[in-house]
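One-based numbering along the sequence shown. For the numbers below, each heavy atom of this structure counts, side chains included, while hydrogens, waters and symmetry mates do not.
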Amino acid sequence: MISGAETLIRSLMAEGVDTIFGYPGGAIIPVFDRLYDYKDRLRNVLVRHEQGAIHAAQGYARVSGRTGVVVVTSGPAATNVITGLGDAMMDSTPLVVITGQVGSELLGSDAFQETDVIGITQPVTKWSYQIRNVEDLRWAVPRAFYIASTGRPGPVVLDFAKNAQTAMMEWRGYKKCRFVRTYEPCPEINETDVDRVAQMIDHAQCPLLVAGHGVEIAGGEGELLRLAEKAQMPVATTLLGLSTMDSDNPLFKGFVGMHGNVAANVAIGECDLLVAVGMRFDDRVTGDPAHFATQAKVVHIDIDSSEFGKIIKPAATIHGDAKAVLSMLADRVAPARHDEWLASFEKARKVELEKVIDVELNDPNRITMGCVARKVAEAAGRGAVLVTDVGQNQMLAARYFKYTAPRSIITSGGLGTMGFGLPASIGAKIGAPDRTVCFFTGDGGLQMTVEELGVILHYGIDVKIVLLNNNFLGMVRQWQTLFYDRRFSSTELVNPNFVMLANAYGIPAEDVETPDQLDAAIGRMLAHNGAYLLNINIDPEELVYPMIPAGAPCTTILLNKDEKYEH
């Protein structure tokens, strides 16, 4: 006979969990008390705020492909993870979040730190369940991991009443969940649909593959490459689809969307077949949906059929796992050549190189964000992981980093959560200890979860922190510059001394003020055995280009403040 708290811990270990991210409190003390006896087999990373716990678990899950686990107490702790739940739901990240709850006899009485966790979390989870009876653990924990990790992954919440934590039950071993009635995570692929799409690819003169996050989730990078090479199809990606193809592959044309590559966005308006795999046609990608790929037949491949036709009406769909579908298509399509179509990308590439990239990478008078990202990527070498916060730092780091291995970018896509990056980078390093983790952030986003520097101090986490500091909320300032007559309302920041702040947490740091200091500082950062922070002086006037204005067609591309791309 063991307690519900110990049953939970044994269940987590039976699921292969070796790391959780958590913060104790009154309503979850029984779990942390029993964890004391298992701490050599199940480590808790003690964060400094519950939002840090869930973002760290996201970073861990995204880089490792495993389910991230969070354990926090009731009330404010449970509400503090809501942002992360919404973020994980939007970006299809598998999480199991366990929240403490008052005893079931007190539910509904407004007891101390009682919150309606199920009511709050249902809109931002795949499944939420309240464990009031200790016997519920036998089926609820296995079901939680099964639902979180299968199909289109996402977060699951188990709200664990305190009486169920302390009650005793007979341990009969652990049985993993393999089936939930009415839930079909991996549908059988309709081969007729695959045959039809294969024929469409064979007949296309100007096909374009757009790979989304679903390709990464499915582990379909090899199948994507095989299909692209056999059919000689150029590949673009979404922001979260970056690193599904090597940046230097000649078939890779960049990423699409508001700050994506010119050639990739132009191709959407010129292709005759657009094959979208594991993506949801986010508004940052489509711009005005009425003008998106109007000349093309659109094929949508996704494991979540609710995405079909939600934004863009497809000519054909394939419902299934991205890796499996890509493999089937690669087997069926005929070898092809599209030399003229591939050559047509060169005009847009050269324009972007001249008007945007060369300007960003070769400014002798100031340090630019893109230049920093490129130099860090080249110095870090193959296999480095990029973690970003949200804003200008995110877009420019994503644009200029180099991707040579799968699962190499971790960023908040759908929800765009400032403060995501620091805890996510900690989780990423724990999930991939042998990879170099480079965290790019702005001064605004860093300060939203800056307390998690305490986790780096506590556990010696080796994260390379690149602070692109312009003393502004940079992306909001960019919109104020372009669309609000430079009325900089509430975007200027008065910042602390970040070098001193990092030093207070035992992290070596230095200021980088001029371009001639940059290379040596990056070298010192990467050579250091442990965390390191570079506080890099960035001109607040620097803007992220190219840019497609919100709601405009995806082919309306600003190259700088004075020029647009001419088709």
Side-chain angles (χ1 to χ4, degrees), residues 1-15 17 20-39 42 44 46-47 49-51 53-54 57 69-85 95-148 155-175 177 180:
M1 300 292 290
I2 62 174
S3 69
E6 187 165 355
T7 299
L8 172 65
I9 290 166
R10 291 191 186 186
S11 299
L12 294 178
M13 292 191 298
E15 285 286 352
V17 178
I20 62 178
F21 300 88
Y23 202 96
I28 201 70
I29 281 181
V31 171
F32 279 90
D33 179 66
R34 298 316 303 156
L35 181 63
Y36 190 84
D37 294 329
Y38 293 88
K39 58 187 177 182
L42 181 60
N44 176 59
L46 177 62
V47 296
H49 189 282
E50 292 87 359
Q51 184 179 354
I54 195 162
V69 179
V70 175
V71 182
V72 297
T73 192
S74 63
T79 58
N80 281 343
V81 302
I82 301 302
T83 297
L85 289 171
L95 300 178
V96 171
V97 178
I98 296 142
T99 59
Q101 184 55 276
V102 301
S104 57
E105 72 280 3
L106 295 175
L107 289 170
S109 69
D110 291 332
F112 177 67
Q113 291 192 335
E114 179 194 359
T115 304
D116 181 7
V117 172
I118 302 303
I120 293 171
T121 61
Q122 279 182 333
V124 288
T125 57
K126 284 186 73 177
W127 184 54
S128 294
Y129 182 77
Q130 190 169 72
I131 299 172
R132 301 183 184 185
N133 187 303
V134 66
E135 291 291 333
D136 289 348
L137 287 164
R138 296 193 195 281
W139 65 272
V141 177
R143 176 180 286 214
F145 276 88
Y146 180 67
I147 292 174
V156 167
V157 166
L158 293 177
D159 192 38
F160 200 2
K162 194 169 184 179
N163 63 288
Q165 297 174 41
T166 57
M168 306 299 285
M169 65 180 287
E170 182 182 359
W171 176 253
R172 304 174 191 163
Y174 185 82
K175 185 179 180 180
C177 179
V180 173

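Between Lys175 and Pro142, every side-chain heavy-atom pair lies at or beyond the 4.5 Å cut-off. Annotation: side chain of Leu106 is not in contact with side chain of Phe112 (no heavy-atom distance under 4.5 Å). Between Ile98 and Leu8, some side-chain heavy-atom pair lies under the 4.5 Å cut-off. In this structure, the side chains of Val156 and Thr125 stay at 4.5 Å or more apart for every pair of heavy atoms. The closest side-chain heavy-atom distance from Val96 to Glu15 is not below 4.5 Å. Counting only heavy atoms from C-beta outward, the side chains of Tyr23 and Ile28 never approach each other to under 4.5 Å. No side-chain heavy atom of Val102 sits less than 4.5 Å from a side-chain heavy atom of Gln113. Side chains of Glu114 and Gln101 form a contact here, defined as non-hydrogen atoms less than 4.5 Å apart.
Nearest heavy-atom pair across Val70 and Ala53 is CG2-O, 3.8 Å. Between Val81 and Glu50, the shortest heavy-atom distance links the atoms CG1-O, 3.8 Å. For the pair Pro24 and Leu46, the tightest heavy-atom approach, listed with the atom from each and the gap, is CD-CD1, 3.7 Å. Smallest separation of non-hydrogen atoms from Leu158 and Ala144: CD1-CB, 3.9 Å. The shortest heavy-atom contact between Arg138 and Glu135 is NE-OE1, 2.8 Å. Taking each heavy atom of Leu42 and Val17 in turn, the nearest pair found is CD1-O, 3.5 Å.
Inspection of the Tyr129 and Asp136 side chains reveals an N or O donor paired with an N or O acceptor under 3.5 Å.
Remark: Asp33 engages no residue in a salt bridge (charged side-chain N to carboxylate O under 4.0 Å, His left out) (not counting sequence neighbours).
A distance of 11.0 Å separates OG1 of Thr7 from CD of Gln165, quoted to the nearest 0.5 Å. Distance check, rounded to the nearest 0.5 Å: CG of Asp159 to CG of Asp116 gives 8.5 Å.
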Q | Pair Leu107-Gln130, side-chain contact (heavy atoms from CB on, under 4.5 Å): steps then yes or no | A | CA-CA 11 Å; Leu107 289 170; Gln130 190 169 72; 3.4 Å; yes

Q: Apply side-chain contact (heavy atoms from CB on, under 4.5 Å) to the pair Phe160 and Val71, showing each step before the final yes or no.
A: CA-CA 10 Å; Phe160 200 2; Val71 182; over 6 Å; no

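Ile82 pairs with exactly one of Thr121, Val97, Val117 by the side-chain contact (heavy atoms from CB on, under 4.5 Å) rule, that one being Thr121.
You'll find the ring centres of Trp127 and Tyr146 outside the 6.0 Å limit.
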